[in-house]
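In the text below, chain A, chain B and the rest are named by the order of the sequence lines, each starting its count at 1.
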Amino acid sequence: MPHVRNTAGAARKGRLKEDSVVEKLWWIVHKDLVSECRARRVWPAMLLLGAVVALILSMEMNAVPGEKPRLVSGFLWLATFFAGMLALDRSFVSEREEGCWESLRTYPVPPSTVYFAKLAVNVVALAALQAVLVPLFAALSDVPLLAHPAAMLSVSLLGNLGISSLGTLLGALAAGIRHGANLTALLVLPAAIPVVLAATEATSLAVAGDFGSAWWRWIQLLGIAAGLFVTAGWVLFDFVIEE
Amino acid sequence: MSTRAAIEVRGVTYAFGRQGVLRDVSFAVLSGQSVAIRGANGAGKTTLLRCLASAIRPQAGEVRWFGQAATSEPATRRLVGWVAHETHLYSQLTVHENLTFAARMCDVPRPAGAAERWLHNVGLWEQANQLPSRLSRGMRQRAAIARAMLHNPEILLLDEPFSSLDIEGKAWLLDLLGKIRDQGRTICFVAHDRETVAQLAQRVLELHSGRVREVECRTCGTPPALPARVA
Amino acid sequence: MKLAVKRRYAGPMGRDVLLGGLTATAVFGVFGFAPTEESMGEVQKIVYIHVPVAWFSLLALGVMAGAGLAYLARRDLRWDAWAEAAGETGWLCSTLTLLTGSLWAHEAWGTWWTWDPRLTSMFVLWMIYSGCLIVRGSLEDRHRRARAGSVLAVVGVVDLPLVVMATRWFRGIHPASPEMEPAMHVVLLLTVATFTALMFTVLARRYRQIGLERRLAELEDRLVAESG
């Protein structure tokens, strides 16, 4: 085995090439996306649940005539939240099998990198869900959700980030508890209430084309919530994954 | 270099809930030594190795690698390779992808090439593009060993590495670990088989009800006790 | 792990007597001094328990998050015992807040529950406490329990202002700054002060009890270790 020692000297002095953290982050995301594409364990179930919830709720969409856009916005975000929970809840399950999580934690990768990688995967999952649900709700309800695409996109992204950042942190926490997988939704729901409320309001205002001070207030709240939760995840993730 | 402690364990205590597993365990492994850890089932061998690998943080005491706290710097972790009880292979990635991913995480230059070399070394070249679930337990063990050695760690921790290997595999692993030991790297392994222990280990530690005891030391006169200096 | 609690219980002390006197004064104030409200009658006196428990359930969240942060920084289980005690007393108080608030709502607004901003916020607070208690209960290892509880407490304390902000922007029916007679105001302040002192005493007792429980467990473990 001639090559066994080829980099050992450098390793001993800690001079091995320092791959950028961003690169490692990308490879963790890549690994998770490739795994999901092959096994299709989470996404089909998530999209199906979202669609079923949308169909069921569409029966009630005409209940209050005047409030229809607001009602549809609320339903849209509720469906996004509950179907998205499926993905958030599962984001650490694949790591747990065969103990992969243990070696990921002992690799020379800062915990914050793992957090941001998992966050990125969850944001992508939720974005896929939104890409299905927004047109679906628009079609089922005749509410022009996509009348102002740029506004809708920014609300969707900020709401997505708020829910995903919380879900990644609390999902990791729940995954550390034996038989605790069902706890994620319970823990995320109260914390995500401001995000869901603000996203609902901002969506219904965007549908009406009302971009006044109220709209800005909700967008600011969404931004602040996302910023705070991402920061909390970044700082606290280290403690959550420790065993 | 040879008298430097590669692993220092000071007063390590670990309990699952209220059940104590490790009780105030202290020992040191000098750089280049190979140490076998023995003990009955449930004596805490796996827990001790997980502490040494920094996969778990002891409730009291600390583990140091070459004088650096095991929990501090992510970069320090590159010094350690760990073959755990489980294989740590992702079920949806092929063996080659698994090894490449590990190489990337450990900053190995040209990760795909390194993964290929190690697939050759452990005799899994033909199974490179298969999912771990298609492999036998022994083959998965070989893949796990390759995963832990990809980055040429200075400290190698192995939890019952011989357990699922056939006779040929055992001989191969003995040979591989012997070479690594002769290169002056540090090996710490859990094994029950007296023969493999005798061939590979210079020292034998025994765990009994959460305490560690040195039962054998064949190293050239260096005392098994802790170095006096507290880093 | 040092959770030495050496002092023996030596009967009621000056603090307890003071607390008893304060409580008696507060009860007298509520039923003997404060005037009865015109439209709601005796039911209005719910406010003298509702406001103090609501106030303390907010305070306990701060204590829990502060102790949680201190634990994460120091890794000292004594801080976690504070967090645990605060979590339990906080849960108790937020439950009482919801119950007394519900009674009030039934009498004043004719409904047991409504999604008013303050009610929603209090409900979220109750869920934060409940989540903490459930997660704590399902983790056996003390340090893991402490870490999870601390993280949840910090997330809760970050979250609650956002909840309050978000829900307040929908208009609500809860009396924001109720107009009261000065005598009512004085009694309310007295009950808030009394209840805060009382609950802090309960919290401190619970802290002491947790310390003793842990000490007992440690001694049992040592006994097992030495005999086995």
Just give me the residue among A:L170, A:L228, A:V235, A:T231 that pairs up with chain C most often, heavy atom to heavy atom, under 4.5 Å. A:L228

Sort A:L186 into side chain, backbone, both or neither according to what part of it lies under 4.5 angstrom from a heavy atom of chain C. both

Close approach to chain A in residues 129-138 of chain C, criterion heavy atom under 4.5 Å: C:G131, C:I134, C:V135, C:S138

Please determine if C:R78 and C:D76 form a salt bridge, counting it only when a charged side-chain N lies under 4.0 Å from a carboxylate O. yes

Using the six-membered ring wherever Trp is involved, compare the ring planes of C:W126 and C:F123 and label them parallel, tilted or perpendicular (cut-offs 30° and 60°). parallel

One thing to verify: whether A:E242 and C:R75 come together as a salt bridge, which I'm taking to mean a side-chain N less than 4.0 angstrom from a carboxylate O. yes

Given that the side chain runs from C-beta out, which part of A:A198 has a heavy atom under 4.5 Å from chain C: side chain, backbone, both or neither? neither

In terms of relative ring orientation, are A:W101 and A:F92 parallel, tilted or perpendicular, with 30° and 60° separating the classes? perpendicular

Using non-hydrogen atoms and a 4.5 Å limit, figure out which bit of C:V163 sits close to chain A: side chain, backbone, both or neither. both

Using 30° and 60° as the class boundaries, would you call the ring planes of A:F116 and A:W234 parallel, tilted or perpendicular? tilted

Salt bridge or not between A:R105 and A:D238? Use side-chain N to carboxylate O under 4.0 Å. no

Closer than 4.0 angstrom, basic N to acidic O: yes or no for A:K31 and A:E95? yes

A:E201/A:R70 salt bridge by N-O under 4.0 Å criterion: yes

Which one wins on heavy-atom pair count under 4.5 Å against chain C: A:I224, A:L173, A:L166? A:L173

With a 4.0 Å cut-off on N to O distance, would you call C:R206 and C:E213 a salt bridge? yes

Measure C:L162 against the heavy atoms of chain A and call it side chain, backbone, both or neither at under 4.5 Å. both

For the interface with chain C, which of A:V195, A:L187, A:L189 has the highest count of heavy-atom pairs at distances below 4.5 Å? A:L187

